[in-house]
> 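Have a look at this one.
Excluded from the calculations below are hydrogen atoms, water molecules and symmetry mates; all remaining heavy atoms, backbone and side chain alike, are included. Throughout, numbering of the chain's residues begins at 1 and tracks the sequence.
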Amino acid sequence: MTDLFSLAGKVALVTGGAQGLGRMIAEGLIDAGASVYITSRKRDVCDATAAELGPDCHALPGDAGSPEGIAELGRQFRQANAGRPLHILVNNAGRTWGAPIDEFPDKAWPGVMAVNVQAPFRMMQEFLPELEAGGTPDDPARIVNIGSIAGSTTTDLNAYSYAASKAALHHLTRQMARDLAPRHINANVVVPGFFATSMTAHLREDTRTDPSGHVPLRRLGQPADIAGTVVYAASRASAYMTGAQITIDGGLTGCD
C-alpha cells in the first residue's frame with residue numbers, strides 16, 4: 001500500500017517552488033522520493049531553498065511567467081536533467097492584484113492572466129516531450145495546476161483578474177486532461193484555500209480579516225495539507241484520476 005504514494009525515481013518540476021505553497025509542495029515531493037527542480041525569478045532565493053531542501057532539490061532560476069522565460073527554463077532543465085523524462089509538472093507560480101471594484105485598473109489584467117493562465121499552458125507545451133517520455137498507461141505523467149478557491153466561489157478579496165484567471169485555469173486543466181489523455185499524461189487542478197503564505201499575510205495581520213475564523217475547521221492550511229494533496233495527485237494512487245478539481249480549503253467552499 002505504501003508504494004501507491006511513493007515517488008521514488010520520479011523527476012518533478014515545481015514553478016514558484018522556492019517560497020510559499022511552492023516550497024511546501026517541493027518539500028513534500030522530495031519526502032516522497034522525487035528529485036525536484038524548483039523555479040524562481042530570484043536566483044539567490046532559489047539557490048538558498050534548494051540548499052535547504054537537500055541534494056534532491058535542484059535550483060532552476062528563471063521566469064516561469066513569460067514564453068521567453070519558459071523556453072529558457074526548458075533549455076536549462078534539459079541540460080541539467082541529462083535527457084531524462086519529466087514525470088510531474090506542478091504549475092504553482094502565480095500573480096495577484098487587489099483593488100476596489102471602482103478603482104480596479106486596466107494594468108491589473110495582462111500580467112495576471114499571462115502568469116496564471118498562459119504560463120501553465122506554455123509550461124505544458126514546453127515540457128510535453130519530457131512528460132510523454134515519463135508516462136505509461138498504468139502510471140501516466142502528471143500535470144498538477146494550482147488553482148484557488150477564488151476561482152470557484154466569490155470572496156471579499158477584490159482580486160478580479162486573479163479570480164477570473166484561476167477560474168480559467170480550472171477549466172483549462174479539464175481541457176488539458178481531455179487532450180493529453182491519449183498521450184498518457186493526466187492533468188488535475190488542486191484548489192487551495194487559505195494558507196499561511198505571503199499572499200495572505202495582509203489578511204492574517206488584521207483580526208477583522210483573518211480568514212481562519214471563517215473556515216469550518218477553524219484553522220489555516222498547513223504545509224502537510226497541500227504537500228499531501230499534491231503527492232497524491234502525483235503518485236500511482238491517482239493514476240485513474242484526470243480532469244479532477246481537488247479542493248483543500250478546510251471546508252470553506254464545501255460546507256457553504
> For atom CZ of R78, decide whether the heavy atoms of other residues, nucleotides or ligands shown that lie under 6.0 angstrom number more than 12.
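Above 12, so yes.
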
> Do the ring planes of Y160 and F104 sit parallel (below 30°), tilted (30 to 60°) or perpendicular (above 60°)?
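Correct class here is perpendicular.
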
> Are any non-hydrogen side-chain atoms of R183 and L128 less than 4.5 angstrom apart?
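In short, these two side chains touch, coming nearer than 4.5 Å.
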
> For the atom pair CG (L89) and CD1 (I185), what is the distance rounded to the nearest 0.5 Å?
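Going from CG on L89 over to CD1 on I185, the span is 9.5 Å.
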
> Any side-chain to backbone donor/acceptor pair from N145 onto H170? Under 3.5 Å, distance only.
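Not a single qualifying donor-acceptor pair exists.
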
> Using atom types as modelled and distance alone, determine if a side-chain donor or acceptor of S6 lies under 3.5 Å from a backbone N or O of D3.
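No, the answer is negative, given that no donor and acceptor are paired below the 3.5 Å cut-off.
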
> Under a 4.5 Å cut-off applied to non-hydrogen side-chain atoms, are F195 and D225 in contact?
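F195 reaches D225 side chain to side chain.
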
> Answer yes if the side chains of R122 and Q125 hold a donor-acceptor pair under 3.5 Å, and no otherwise.
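Side-chain D/A pair, R122 to Q125: present.
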
> Taking the side chain as C-beta and beyond, is there a heavy-atom pair between L4 and R236 under 4.5 Å?
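Answer yes - side chains close enough.
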
> Angle class for the Y232/F5 ring planes (parallel below 30°, perpendicular above 60°, tilted otherwise)?
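Plane angle between 30° and 60°, so tilted.
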
> Give a yes or no answer on whether the side chain of K10 reaches the backbone of V36 with a donor-acceptor pair at less than 3.5 Å.
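It does not hold such a pair.
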
> Does T96 use its side chain to pair, donor to acceptor, with the backbone of Y162 at less than 3.5 Å?
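Such a contact is absent between T96 side chain and Y162 backbone.
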
> So for atom CZ, which belongs to R219, do other residues, nucleotides or ligands contribute more than 12 heavy atoms lying within a distance under 6.0 Å?
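Result for CZ/R219: enclosed.
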
> For the side chain of T155 and the backbone of A150, is there at least one donor-acceptor N/O pair under 3.5 Å apart?
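Here the side-chain-to-backbone pair does not exist.
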
> Spell out, yes or no, whether V112 and I101 are grouped together once hydrophobic residues are joined by side-chain heavy atoms under 4.5 Å, including indirect joins.
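V112 and I101: one cluster.
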
> Taking all atoms of both residues into account, what is the closest heavy-atom pair of G250 and P216, and its distance?
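Heavy-atom minimum between the residues: O-CD, 3.4 Å.
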
> Atom OG1 in T242, atom CE in M176: separation rounded to 0.5 Å?
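Spacing of OG1 (T242) from CE (M176) equals 11.0 Å.
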
> Taking 4.0 angstrom as the limit, do R75 and E126 come out as a salt bridge?
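A salt bridge is absent here (no side-chain N lies under 4.0 Å from a carboxylate O).
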
> Give a yes or no on whether the backbone of M241 and the side-chain of N186 come within a donor-acceptor separation of less than 3.5 Å.
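Yes; judged by distance alone, with no hydrogens or angles, the pair exists.
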
> How close do V117 and A168 get, heavy atom to heavy atom, and via which atoms?
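That closest heavy-atom pairing would be CG2-CB, 4.0 Å.
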
> Here's one to test your reading of the geometry: is the NZ or CZ of R84 within 45 degrees of the ring axis of F77 and under 6.0 Å from its centre?
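Ring-cation test returns no.
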
> At what distance, to the nearest 0.5 angstrom, does OG1 of T49 lie from CD1 of I38?
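So the gap between those two atoms works out to 5.0 Å.
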
> Taking the side chain as every heavy atom from C-beta outward, state whether R174 and Q245 have any pair of such atoms under 4.5 Å apart.
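The answer is yes; the side chains approach within 4.5 Å.
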
> When hydrophobic residues are tied together by side-chain contacts of less than 4.5 Å, even through go-betweens, does I246 share a cluster with I25?
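Yes, same cluster.
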
> Is there a side-chain contact between L29 and V230, using heavy atoms and a 4.5 Å cut-off?
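When only atoms from C-beta onward are counted, V230 and L29 do touch, with a gap below 4.5 Å.
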
> Looking only at heavy atoms, which two atoms of A177 and A187 are closest? And how far apart?
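Heavy-atom minimum between the residues: CB-O, 3.6 Å.
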
> Out of curiosity, does V191 fall in the hydrophobic cluster containing V115 (side-chain heavy atoms, cut-off under 4.5 Å, transitive links)?
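Different hydrophobic clusters.
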
> Looking at every non-hydrogen atom in both residues, tell me the closest pair between A64 and I70 and how far apart they are.
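So the minimum-distance heavy-atom pair works out to O-CD1, 3.7 Å.
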
> Please check: side-chain N/O of S238 versus main-chain N/O of A233, any donor-acceptor pairing under 3.5 Å?
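Side chain of S238 to backbone of A233, a donor-acceptor pair under 3.5 Å: yes, one is there.
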
> Any side-chain to backbone donor/acceptor pair from S40 onto G16? Under 3.5 Å, distance only.
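No; judged by distance alone, with no hydrogens or angles, the pair does not exist.
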
> Distance-only, no hydrogens or angles: does the N158 side chain make a donor-acceptor pair with backbone N or O of P100 under 3.5 Å?
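Flag not set: sc N158 to bb P100 has no pair under 3.5 Å.
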
> Short question: side chain of D249, backbone of P192 - any donor-acceptor pair under 3.5 Å?
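Absent.
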
> Indicate the atoms forming the closest heavy-atom contact of L86 with V11, along with that distance.
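Taking every non-hydrogen atom into account, CD1-O, 3.5 Å.
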
